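What follows is a short report on a single structure.
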4 protein chains.
Amino acid sequence: MEKNASIFRRYLLSEELTFLMEAHNGLSAKIAEATGFKALWASGLTISASLGVRDCNEISWTQVLEVLEYMSDSVSVPIMVDADTGYGNFNSVRRLVRKLCDRGISAVCIEDKIFPKTNSFIDRNQDLANIDEFCGKIKAGKDSQNYSDFTIVARTEALISGHGLKEALTRSEAYRKAGADAILIHSKMSNADEIFSFTREWANRLPLVIVPTKYYNVPTHLYRENKISMIIWANHSLRACITAMKQICKKIYDDESLLAVEKSVASLEEIFSLVNDHELQQAENKYLPQPV
Amino acid sequence: MEKNASIFRRYLLSEELTFLMEAHNGLSAKIAEATGFKALWASGLTISASLGVRDCNEISWTQVLEVLEYMSDSVSVPIMVDADTGYGNFNSVRRLVRKLCDRGISAVCIEDKIFPKTNSFIDRNQDLANIDEFCGKIKAGKDSQNYSDFTIVARTEALISGHGLKEALTRSEAYRKAGADAILIHSKMSNADEIFSFTREWANRLPLVIVPTKYYNVPTHLYRENKISMIIWANHSLRACITAMKQICKKIYDDESLLAVEKSVASLEEIFSLVNDHELQQAENKYLPQPV
Amino acid sequence: MEKNASIFRRYLLSEELTFLMEAHNGLSAKIAEATGFKALWASGLTISASLGVRDCNEISWTQVLEVLEYMSDSVSVPIMVDADTGYGNFNSVRRLVRKLCDRGISAVCIEDKIFPKTNSFIDRNQDLANIDEFCGKIKAGKDSQNYSDFTIVARTEALISGHGLKEALTRSEAYRKAGADAILIHSKMSNADEIFSFTREWANRLPLVIVPTKYYNVPTHLYRENKISMIIWANHSLRACITAMKQICKKIYDDESLLAVEKSVASLEEIFSLVNDHELQQAENKYLPQPV
Amino acid sequence: MEKNASIFRRYLLSEELTFLMEAHNGLSAKIAEATGFKALWASGLTISASLGVRDCNEISWTQVLEVLEYMSDSVSVPIMVDADTGYGNFNSVRRLVRKLCDRGISAVCIEDKIFPKTNSFIDRNQDLANIDEFCGKIKAGKDSQNYSDFTIVARTEALISGHGLKEALTRSEAYRKAGADAILIHSKMSNADEIFSFTREWANRLPLVIVPTKYYNVPTHLYRENKISMIIWANHSLRACITAMKQICKKIYDDESLLAVEKSVASLEEIFSLVNDHELQQAENKYLPQPV
């Protein structure tokens with residue numbers, strides 16, 4: 001929706017730091033929104049993993065789109081999508097952006113690697129895309145959005161691939177000139193040194209987005225001091241699910257009984273409430289013929 | 001796959017009690033299998049809820065099929081599908097059964113209510129299907145399976161809808177004669193009294209399947225003594241996820257930091273391992289041109 | 001798109017007779033639009049048949065939606081969708097209407113039969129829906145549209161099912177009161193007598209839509225005189241394709257050669273032109289790095 | 001199905017010349033089969049065009065798969081799929097081949113260009129893939145097939161891209177060594193000179209497949225003499241449809257009437273017959289409760 005895209009853009013441009021919570025399906029999106037998060041991150045890694053596949057474009061871009069539609073239908077807050085490398089060339093990005101707008105998505109992040117991609121935290125195939133070609137994707141994407149406040153975030157993997165700060169800055173500046181609305185500067189270090197080196201040199205030319213998965217122990221006030229615009233908590237709902245499902249499966253398997261777990265898991269009523277079953281009951285009263 | 005269908009049939013017919021663990025996507029299926037469960041239950045309620053929709057056929061049957069394909073691709077153990085009322089009439093069941101066979105599903109359960117259905121634990125619209133019409137669905141389904149060991153379980157909601165033991169027995173016998181491979185006798189009581197009344201009268205004419213969601217506190221040895229064939233733990237992985245996601249979201253939201261949660265959630269390496277990333281690395285060595 | 005819905009509504013309410021041409025995929029939609037038709041009919045029968053399935057809801061409603069999205073993406077003119085009985089109950093119609101709006105569809109027609117439906121020209125199972133229940137679907141649909149000019153046409157099968165003029169009028173009036181924007185009065189007679197009996201009694205309470213597939217020989221000026229609002233040419237592009245494909249297949253099969261058919265079929269350039277390949281070439285010049 | 005794959009393999013290896021007719025949806029597949037064609041070609045160009053999109057991977061590989069499933073469900077004869085470049089890297093090919101086997105497809109053809117591809121008859125971007133990388137795709141595909149007789153045809157675009165006979169031979173030999181089951185040698189010349197130069201040098205090391213779209217005037221006995229194994233009539237059903245739809249749309253539009261076209265198009269009964277509506281009627285008699 002256009003409205004959500006404008007809200008997202010406002011967050012991006014504001015002085016406030018905004019936090020995006022990972023979601024990978026309609027339910028996780030609902031829970032993140034109910035918690036209070038103002039925007040969501042539809043993670044490529046966790047969407048893939050939840051479906052049982054790897055984070056290397058094993059599912060098609062339209063299969064991703066189907067997941068996104070469930071998520072978009074489930075919440076009112078803006079969603080930014082992790083669209084990997086854009087799933088092909090500039091024309092793939094054009095189609096993607098149009099479809100994301102159709103599906104009510106507010107923002108997309110594309111990264112400067114090669115299709116099919118490799119997850120940033122796996123030590124292989126982190127080759128970077130040709131700068132000009134990637135700039136063509138950004139331009140093509142911006143020219144394809146249905147509403148003016150749709151956001152395209154350019155993610156550089158220059159630090160991930162070991163090309164260093166200078167390359168990261170060169171690329172980010174090229175992406176800015178190509179029309180990107182923000183830069184996502186990614187790092188796999190366990191501290192934020194290279195991130196803050198980048199922010200100093202970047203000097204706020206465009207809003208910055210970060211993903212502190214590996215440098216999780218950096219205090220958040222430092223991000224505020226360094227004028228970061230958005231922080232993505234990138235995969236933690238899914239990681240919490242994995243731990244929870246392993247425990248519950250093991251307990252039920254070992255016990256051959258539900259007795260010990262019943263009180264530790266959400267009730268059925270909680271499921272019904274999360275999917276707003278109450279609204280259906282009201283609608284049945286309104287639209288179904290009533291017994292005489 | 002034909003092989004899995006045969007394995008499932010063997011479990012159904014054996015003297016042993018078999019436990020089916022709920023799964024709602026590829027990941028939950030993998031975790032249930034890794035825990036040791038010999039077969040899985042693809043739950044209509046939890047698949048719907050995970051996508052963010054209600055358990056009343058809000059998603060189409062082919063959208064369910066897409067979820068099932070991810071699940072089937074993710075595990076080696078047999079899967080039984082909760083197909084609600086069969087999504088329409090006898091012809092819908094014919095198409096469904098063929099597609100389930102194509103997707104490698106081993107068994108399907110259909111229930112004797114009206115499309116679109118209402119969840120059994122919600123107090124409205126629990127009208128039962130016409131017996132003859134439902135028998136037609138069973139026959140049509142059995143005539144459509146691609147391999148002989150595919151299983152169709154007929155689920156009667158006679159007790160759920162308050163029609164009592166006699167109706168449940170009449171229906172189950174009709175479904176048996178129509179060709180059902182097993183009966184799922186469902187109950188929403190908090191004890192197993194009506195279930196055991198049924199088992200006594202039924203006298204093992206066909207294998208029985210139960211879902212002790214509401215009567216979770218009944219000791220499992222009683223099911224063995226009553227010759228139950230299969231128990232479905234119907235929704236507990238998803239319920240564990242809900243609790244876990246609510247907690248993790250709240251903690252991260254309150255802290256504005258990952259620090260406190262990092263150690264409590266599965267590691268990234270665990271995600272990579274669950275989707276077998278190691279195999280991809282080996283394949284890249286095998287199939288990609290190697291640098292000189 | 002909202003804009004197209006408004007254009008469609010204007011046609012519906014105008015004094016002019018509007019003709020809707022059948023389309024069943026993106027290509028047939030493009031050709032109908034290029035011919036000059038101002039609006040399209042996405043036919044349930046021809047969409048099904050083109051996919052190779054029967055017109056009795058063998059494909060799911062989301063599979064229909066996928067076809068509609070290709071069509072909507074292919075043309076600029078408004079599309080009215082033949083949505084059979086609405087694919088379930090009032091809640092199915094609510095979801096359908098929302099998704100049709102999302103996909104840029106301008107209007108939907110739902111008919112007062114039972115799901116799964118039977119084609120109107122096949123002599124069996126033409127049972128009519130309960131009036132109150134069908135009115136609930138109309139109300140639910142109207143309450144679910146994303147933009148105010150989306151159109152819901154109520155199609156009565158009262159004449160098709162042999163219930164006669166009085167029933168057709170009673171039903172149409174009930175549907176009008178429930179909020180329908182127009183009535184589609186369907187007939188399988190080889191003349192328009194019962195149609196014109198209806199129009200006289202109806203006296204323009206709401207715009208009327210007809211489908212003269214069986215009474216194709218009635219002169220069009222009679223429809224204008226009887227104040228029909230819209231005529232649907234319901235299946236003729238597909239029927240032309242069938243004839244053409246049978247001929248071309250037979251000729252090539254018999255000849256074991258293309259020589260005799262090459263000049264009689266559209267050129268490759270015509271295909272490229274229909275899908276606007278020229279635009280892609282321009283986009284490549286704009287977005288791809290140019291060789292130095 | 002495994003059975004169809006074996007039939008297709010037998011055609012490929014036989015001394016007889018086999019003709020594959022283009023199909024782009026379930027209906028065109030049914031008509032080609034009914035005409036007598038022993039195998040079908042699911043064309044990338046015509047599938048794309050029928051949906052209204054361009055032949056440059058604008059739709060995702062799973063959207064192609066959906067079309068293929070309708071086709072496979074519609075006919076009993078083997079289908080060979082035009083899978084462009086394999087939609088990505090070796091891992092994309094692995095997933096594709098597994099899914100094609102699941103969907104009952106007998107053979108796939110992949111070509112040695114870059115993803116996203118350009119149609120061979122359009123004068124731009126005909127860059128060839130790295131030979132080793134393409135061989136990796138072939139190997140990966142062969143290692144992923146579910147049944148031993150599934151066929152992978154390697155298509156070289158060496159002649160299309162102007163690299164000449166020697167390159168075509170070098171590549172074909174590499175693909176043969178990598179495990180390809182046949183070679184498709186493609187040409188856009190208006191005669192078969194370069195094709196026959198190739199066949200002479202190739203000397204039958206593997207079966208050859210050709211696509212005489214541009215050199216349609218070459219007599220078929222020459223292909224037999226040159227030991228071609230299979231000929232693909234690649235796009236003629238769709239091209240016949242375009243011509244037919246343009247004519248019928250224009251006539252109906254100009255006449256504002258169906259009168260002149262009714263006799264020239266297939267009847268409704270022919271549609272019902274093509275989708276085997278008679279079988280449904282029999283099934284209703286068998287599976288629906290009969291009125292007393």
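As a basis for the values below, the full set of heavy atoms in this structure was taken, side chains included, without hydrogen atoms, waters or symmetry mates. Quick caveat: nothing in here was measured; it's all calculated off a predicted structure. Order of the sequence lines fixes the chain letters, A, B, ..., with proteins taken first and strands second; residue numbering starts at 1 for each chain.
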Heavy-atom pairs under 4.5 Å with chain A - which of [options] has more of them than the others?
| options | answer |
| --- | --- |
| B:Ser74, B:Gly36, B:Ala32, B:Ser28 | B:Gly36 |
| B:Gln281, B:Gln247, B:Arg239, B:Lys250 | B:Arg239 |
| B:Leu259, B:Val261, B:Leu45, B:Leu268 | B:Leu268 |
| B:Cys241, B:Ser50, B:Ser264, B:Ala244 | B:Ser50 |

Taking [atom1] in [X] as the centre, count heavy atoms belonging to other residues, nucleotides or ligands within less than 6.0 Å. Is the count above 12?
| X | atom1 | result |
| --- | --- | --- |
| B:Lys214 | NZ | yes |
| B:Glu15 | CD | no |
| A:Glu269 | CD | yes |
| B:Lys227 | NZ | no |
| B:Lys38 | NZ | yes |
| B:Gln282 | CD | yes |

Quick check: closest heavy atoms across [X] and [Y], and the distance to 0.1 Å?
| X | Y | answer |
| --- | --- | --- |
| B:Thr213 | A:Glu262 | O-OE1, 4.4 Å |
| B:Tyr216 | A:Ser257 | O-OG, 4.4 Å |
| A:Leu51 | B:Tyr70 | O-CB, 3.4 Å |
| B:Ala49 | A:Leu27 | O-CB, 3.3 Å |

Which atoms of [X] approach chain A - backbone, side chain, both or neither, heavy atom under 4.5 Å:
| X | result |
| --- | --- |
| B:Thr46 | neither |
| B:Phe272 | side chain |
| B:Leu274 | side chain |
| B:Glu284 | side chain |
| B:Ser267 | backbone |
| B:Met21 | side chain |
| B:Asp254 | neither |
| B:Ile248 | side chain |
| B:Lys30 | side chain |

Can you tell which part of [X] gets under 4.5 Å to a heavy atom of chain B, answering side chain, backbone, both or neither?
| X | answer |
| --- | --- |
| A:Asn235 | side chain |
| A:Glu33 | neither |
| A:Leu17 | neither |
| A:Asn119 | side chain |
| A:Leu238 | side chain |

* To do: May I ask you to say whether A:Glu270 pairs ionically with B:Lys246, meaning some side-chain N is under 4.0 Å from a carboxylate O?
  => yes
* Could you state the interatomic distance from CD1 (B:Ile242) to CD1 (A:Ile271), rounded to the nearest 0.5 Å? -> 4.5 Å
* Asked: Taking atom CG of A:Leu280 and atom OG1 of B:Thr118, what is their separation to the nearest 0.5 Å?
  -> 7.5 Å
* Side-chain heavy atoms of B:Val275 within contact of A:Ser48, under 4.5 Å -> no
Without swapping roles, check the side chain of [X] against the backbone of [Y] for a donor-acceptor pair under 3.5 Å.
| X | Y | answer |
| --- | --- | --- |
| B:Thr220 | A:Glu256 | yes |
| A:Thr243 | B:Ala266 | yes |
| A:Thr35 | B:Cys249 | no |
| A:Arg54 | B:Asn276 | yes |

* **For chain A, which residues of residues 57-69 of chain B have heavy atoms nearer than 4.5 angstrom** => B:Ile59, B:Gln63, B:Glu66
* Structure fact -> Ranked by heavy-atom pairs below 4.5 Å to chain B, first place among A:His236, A:Glu22, A:His24 goes to A:His236
* Asked: Looking at the rings of B:Phe19 and A:Tyr253, which for Trp means the six-membered one, are their centres under 6.0 Å apart?
  -> no
* I would like to know whether A:Asp277 and B:Ile122 meet side-chain contact (heavy atoms from CB on, under 4.5 Å); could you show each step before the answer? => CA-CA 9 Å; A:Asp277 193 76; B:Ile122 291 176; 3.4 Å; yes
